[in-house]
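What follows is one structure encoded as structure tokens, with my remarks underneath.
It should be emphasised that the depicted structure is a prediction, and the values quoted were computed from it without experimental measurement.
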Amino acid sequence: MLYRKQLFGIAGAVPAMAAFGLIWRYAPHLLAFVRLPADTTADRLAFAARWLIVPGIMLLAGVIGASRRGFYADAIEGTRTPAKWGLEVNLRYNQNTVEQLLLAAIAWVALAVELPRESLIAIPASAILFSVGRVTFWIGYAVHPMARAFGMTLTALPTIAAYLWLIVRQLG
């Protein structure tokens with residue numbers, strides 16, 4: 001039997017899955033302005049590295065948000081359990097963003113080397129989904145912890161898809 005919280009999480013995850021599917025399907029058209037790299041390993045890796053700035057900016061925003069909130073008297077000592085919920089949300093956002101960024105970076109580097117050149121559009125598509133996912137995760141978390149499901153799903157799905165594709169490629 002599903003409980004109310006699980007249903008709330010599913011209600012957030014399902015639209016994120018639909019958004020992921022649509023962006024993934026139409027990425028070549030939606031991102032037609034993106035210039036794909038030359039077909040050399042160095043150019044492919046540089047392409048992935050340039051797109052990593054997007055999740056990096058998402059982490060930087062969280063660090064700035066936490067440092068701004070952490071300056072005030074109730075949190076200036078750096079306690080891990082701040083009195084203000086807003087600072088706790090920032091810290092949790094930052095921790096999760098570090099985790100998601102590390103997983104994405106590993107996947108994007110591997111994709112940059114393994115994907116057919118015309119499929120490299122998956123990297124900028126993943127970067128855009130990562131940023132929208134992080135913003136909606138952060139806002140959702142601030143509203144209610146269960147409201148982070150959409151953002152979490154939108155952030156994680158491209159990375160999960162990348163790992164699955166890479167695993168199948170290695171096995172095949």
Side-chain angles (χ1 to χ4, degrees), residues 5-31 33-34 45-72 75 78 80-82 84-112 115 119-166:
K5 288 182 181 180
Q6 284 86 359
L7 289 174
F8 197 75
I10 291 168
V14 169
M17 288 182 221
F20 165 74
L22 287 171
I23 296 297
W24 212 252
R25 167 90 168 89
Y26 296 105
H29 303 293
L30 296 170
L31 301 173
F33 63 91
V34 173
L45 291 171
F47 180 76
R50 281 192 297 275
W51 282 100
L52 281 169
I53 193 70
V54 175
I57 290 168
M58 296 293 95
L59 180 58
L60 179 62
V63 169
I64 290 170
S67 65
R68 185 183 61 79
R69 289 178 181 268
F71 181 73
Y72 297 102
R80 185 59 187 121
T81 53
K84 300 279 187 195
W85 174 246
L87 179 55
E88 182 62 29
V89 168
N90 274 71
L91 295 174
R92 291 179 185 191
Y93 166 86
N94 289 346
Q95 178 64 45
N96 187 258
T97 301
V98 166
E99 295 162 358
Q100 296 298 324
L101 196 155
L102 179 58
L103 290 168
I106 293 166
W108 296 1
V109 166
L111 288 176
L115 278 174
S119 297
L120 289 172
I121 200 69
I123 294 171
S126 295
I128 291 165
L129 288 167
F130 190 102
S131 64
V132 173
R134 290 290 79 196
V135 169
T136 55
F137 176 90
W138 200 357
I139 292 168
Y141 214 146
V143 171
H144 187 278
M146 290 307 300
R148 71 192 194 279
F150 178 88
M152 184 67 205
T153 304
L154 201 58
T155 302
L157 272 180
T159 303
I160 293 167
Y163 277 94
L164 290 173
W165 186 87
L166 289 161

*What is the minimum heavy-atom distance between L101 and G56, and which atoms define it?*
CD1-N, 3.7 Å
_Separation between CG of L60 and CD1 of I64, rounded to the nearest 0.5 Å_ = 4.0 Å
*Gap between atom CZ of R148 and atom CZ of R134 - 0.5 Å precision*: 10.0 Å
_Can you tell me how the ring of F137 sits relative to the ring of Y93, calling it parallel under 30°, perpendicular over 60° and tilted otherwise?_
tilted
_Is any side-chain heavy atom of R92 closer than 4.5 Å to one of N96?_
no
*asked:* Could you check whether any side-chain heavy atom of F150 comes within less than 4.5 Å of a side-chain heavy atom of I139, counting everything from C-beta outward?
replied: no
*Please tell me if the side chains of W138 and T97 come closer than 4.5 Å, counting only heavy atoms from C-beta onward.*
no
*How far does CG of L59 sit from CD of Q100, to the nearest 0.5 angstrom?*
12.0 Å
Only distances under 3.5 Å count here; give the side-chain donor-acceptor pairs of residues 20-27 to other protein atoms, sequence neighbours excluded, each with its distance to 0.1 Å.
none

*Mind listing the closest non-hydrogen atom pair of T153 and A13 along with its distance?*
OG1-CB, 3.4 Å
*What are the two closest heavy atoms between L157 and A16, and how far apart are they?*
CD1-O, 4.4 Å
_Quick check for you: to the nearest 0.5 Å, what is the distance between L111 atom CG and W165 atom CH2?_
6.5 Å
*Compare all side-chain heavy atoms of V109 with those of L45 and state whether any distance is below 4.5 angstrom.*
yes
*Could you give the distance from CD (Q6) to CE (M146), rounded to the nearest 0.5 Å?*
6.5 Å
*Smallest separation among heavy atoms of N90 and A66, with atom names*: ND2-N, 3.2 Å
_Within the structure provided, determine whether I128 and V54 are in side-chain contact (heavy-atom separation under 4.5 Å)._
no
_Could you report the tightest heavy-atom contact between A19 and L154, atom names first, then the distance?_
CB-CD1, 4.1 Å
*If you take all heavy atoms of T155 and T159, which pair is closest and at what distance?*
O-OG1, 3.9 Å
